[in-house]
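We number each residue from 1, following the sequence as shown.
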Amino acid sequence: MAFQQGLSGLSSASKALDVISNNVANSNTIGFKAGRAEFQDVFAAALNGAASGVQVGIGSAIGAVTQSFSQGNITTTNNPLDIAINGNGFFRMAAPDGTVAYTRNGQFDVNKDGFVVNSRGFELTGYSAVNGVILAGGTPSPIQLDFSDVQPSPSSTMTLAMNLDSRDPVSPSFDPTNPTPLDRNNVTAGGYNFSTSATAYDSLGNAHTLTFFFQKASAGTWNGYYQVDGTGNATAIPSPGSPLAFDANGAVTSGAQFSITFPEFASTGASATQSIAFDLADSTQFGSQFGVNTLRQDGFASGRLTGITIGNDGVILGRYSNGQSRDLGQVTLANFQSPNGLLSLGGNLWAESSDSGQPIIGVPGSANLGLLNAGSLEEANVDLTAELVQLIVQQRAYQANAQSVRAQDQILQTIVNLG
């Protein structure tokens, strides 16, 4: 019987050495989870009718090889499509044949069709976005990034807040055919007191420079004019935008809201009826230097995708050459009641099984799912020091079991010699 016990010990130690060697071999594998051989003793159901207390085991066996899904160290990379999960969960991957697998390896890239894939061609799944709006909910599908240009948006509103210096002299005249700044040393020469420029976009996304001129007509009253792209005569801002009036406290009393139609935009083939609503309500007339405090408008030119970033919540944000950004999709995660019940497929992939339970799917940060770290990867959770110590322990166990077999062989040899 000692032969059987020794052989079972050799077999168990050999399998444990296999598990340890596999851990060591994968210590540099991204997202790898270390395995552990779990031993169990073996007893015969009946051993010559031995009574309780005098039973002798018949060896050992490996009851299971489990994996530790503890968090691995997170390291920073230079690839924005490298993603680490900080916490619970797995990336949900769609195989080329339509089956679903799960992984902690976040080394991703984009294929020629715009799908986010791993090195084996499995597609990362999540929620898609249409025109910058994420379609959350339902079953996740492969994430396909949209590389098309962002369509231009014509300017429709503009906010301009400035301070017009109340100390500036009244300008006696303004020549719209030749806008010139006021000669403060010779005010009879006339001209505008202050000017500022802003960019507006037409229906085709072409940028146009709008230059505004302000002529002080009297204390607290300013006439306004504008010019498009620095050509042609300056045009008076239409009523109720001109004059722009202020009270004795420097606050706007009239002329702050107005709309201008720009037929000049037609020179680029754009719409000739585009109008922009202007708001100057936050402008002031104080005894301080002229300056523009706020200038913003809602239009932009067309733009091409220049880069992407992935947030902690899995939202993939596209950045465009026109300074705009929009959502391209959202990564989802899956978790299981019993991750150790997952079926290992190799290649850092697991599959759902009856022992793991069904996947619980959600966006990062929801329920008990972890958050994402973009531009980072999760290292293997292998403790090399501990593994090397266990390697020595199992090696000694193997040698000891070999000694057990040798001792039994010597006993049998002695019995044979008695004959």
Side-chain angles (χ1 to χ4, degrees), residues 155-202 206-268 270 272-299:
S155 300
S156 61
T157 62
M158 183 175 292
T159 300
L160 174 61
M162 58 189 170
N163 180 67
L164 296 171
D165 193 342
S166 64
R167 301 167 300 180
D168 222 55
V170 172
S171 175
S173 63
F174 177 81
D175 184 1
T177 64
N178 182 30
T180 56
L182 173 69
D183 183 354
R184 288 166 178 77
N185 296 318
N186 181 17
V187 294
T188 58
Y192 62 85
N193 296 73
F194 304 110
S195 69
T196 187
S197 298
T199 300
Y201 296 90
D202 62 27
N206 298 300
H208 297 274
T209 300
L210 307 182
T211 304
F212 296 92
F213 307 96
F214 295 94
Q215 172 210 2
K216 189 173 183 179
S218 63
T221 304
W222 300 76
N223 293 325
Y225 303 84
Y226 71 92
Q227 189 179 50
V228 180
D229 293 329
T231 60
N233 297 340
T235 304
I237 293 175
S239 178
S242 183
L244 181 64
F246 298 86
D247 62 19
N249 295 317
V252 173
T253 58
S254 64
Q257 280 87 25
F258 55 91
S259 181
I260 301 177
T261 300
F262 294 94
E264 297 91 343
F265 290 178
S267 63
T268 62
T273 61
Q274 181 178 338
S275 294
I276 300 177
F278 293 86
D279 185 356
L280 279 63
D282 291 331
S283 294
T284 57
Q285 181 193 249
F286 296 142
S288 58
Q289 188 176 0
F290 170 80
V292 176
N293 302 314
T294 302
L295 178 59
R296 59 176 179 267
Q297 52 84 28
D298 60 351

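Screening Y201, F258, F262 against I276 for a side-chain contact (heavy atoms from CB on, under 4.5 Å) leaves a single residue, F262. The only member of F290, F214, Y225 that meets ring pair (Phe, Tyr, Trp, His ring centres under 6.0 Å) when paired with F194 is F290.
A donor atom on one side chain and an acceptor atom on the other are not found under 3.5 Å apart for T159 and D279.
To the nearest 0.5 Å, atoms OG1 (T199) and CE (M158) are separated by 7.5 Å. Summarising the geometry, atom CD belonging to E264 is positioned 8.0 Å from atom OG1 belonging to T231; distances are rounded to the nearest 0.5 Å. The CE atom of M162 sits 10.5 Å away from atom CG of L295, with the distance rounded to the nearest 0.5 Å. The OG atom of S156 sits 8.0 Å away from atom CD of Q274, with the distance rounded to the nearest 0.5 Å. D298 CG to T157 OG1: the interatomic distance, rounded to the nearest 0.5 Å, is 3.5 Å. Within the model, atoms CG of N249 and OG1 of T284 stand 11.5 Å from one another, a figure rounded to the nearest 0.5 Å.
Using modelled atom types, no side-chain atom of Q297 and backbone atom of A200 make a donor-acceptor pair closer than 3.5 Å. The main-chain N or O of A189 is never found under 3.5 Å from a side-chain atom of D183 such that the two would form a donor-acceptor pair. Here the side chain of D282 pairs no donor or acceptor atom with the backbone of A161 at under 3.5 angstrom. Side chain of K216 to main chain of N193: no donor-acceptor pair is present (N/O by atom type, distance under 3.5 Å, no hydrogens or angles).
The shortest heavy-atom contact between S171 and L182 is OG-CD1, 4.0 Å. A pairwise comparison of heavy atoms in Q227 and P179 identifies NE2-CG, 4.4 Å as the closest pair. A pairwise comparison of heavy atoms in S155 and G299 identifies OG-CA, 3.6 Å as the closest pair. When all heavy atoms of S197 and T209 are compared, the closest pair comes out as CB-CG2, 4.1 Å. Closest heavy-atom contact between A256 and V252: CB-CG1, 3.6 Å.
Counting only heavy atoms from C-beta outward, the side chains of Y192 and N223 never approach each other to under 4.5 Å. In this structure, the side chains of T235 and I260 stay at 4.5 Å or more apart for every pair of heavy atoms. Counting heavy atoms from C-beta outward, D247 and Q285 have side chains that stay 4.5 Å or more apart.
Annotation: F278 is not in aromatic contact with Y226 [ring centroid separation under 6.0 Å not met].
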(request) I would like to know whether N163 and S288 meet side-chain hydrogen bond (donor to acceptor under 3.5 Å, both in side chains); could you show each step before the answer? (result) CA-CA 8 Å; N163 180 67; S288 58; 3.1 Å; yes
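The number of heavy-atom neighbours closer than 6.0 Å to CZ of R296, taken from other residues, nucleotides and ligands shown, is 12 or below.
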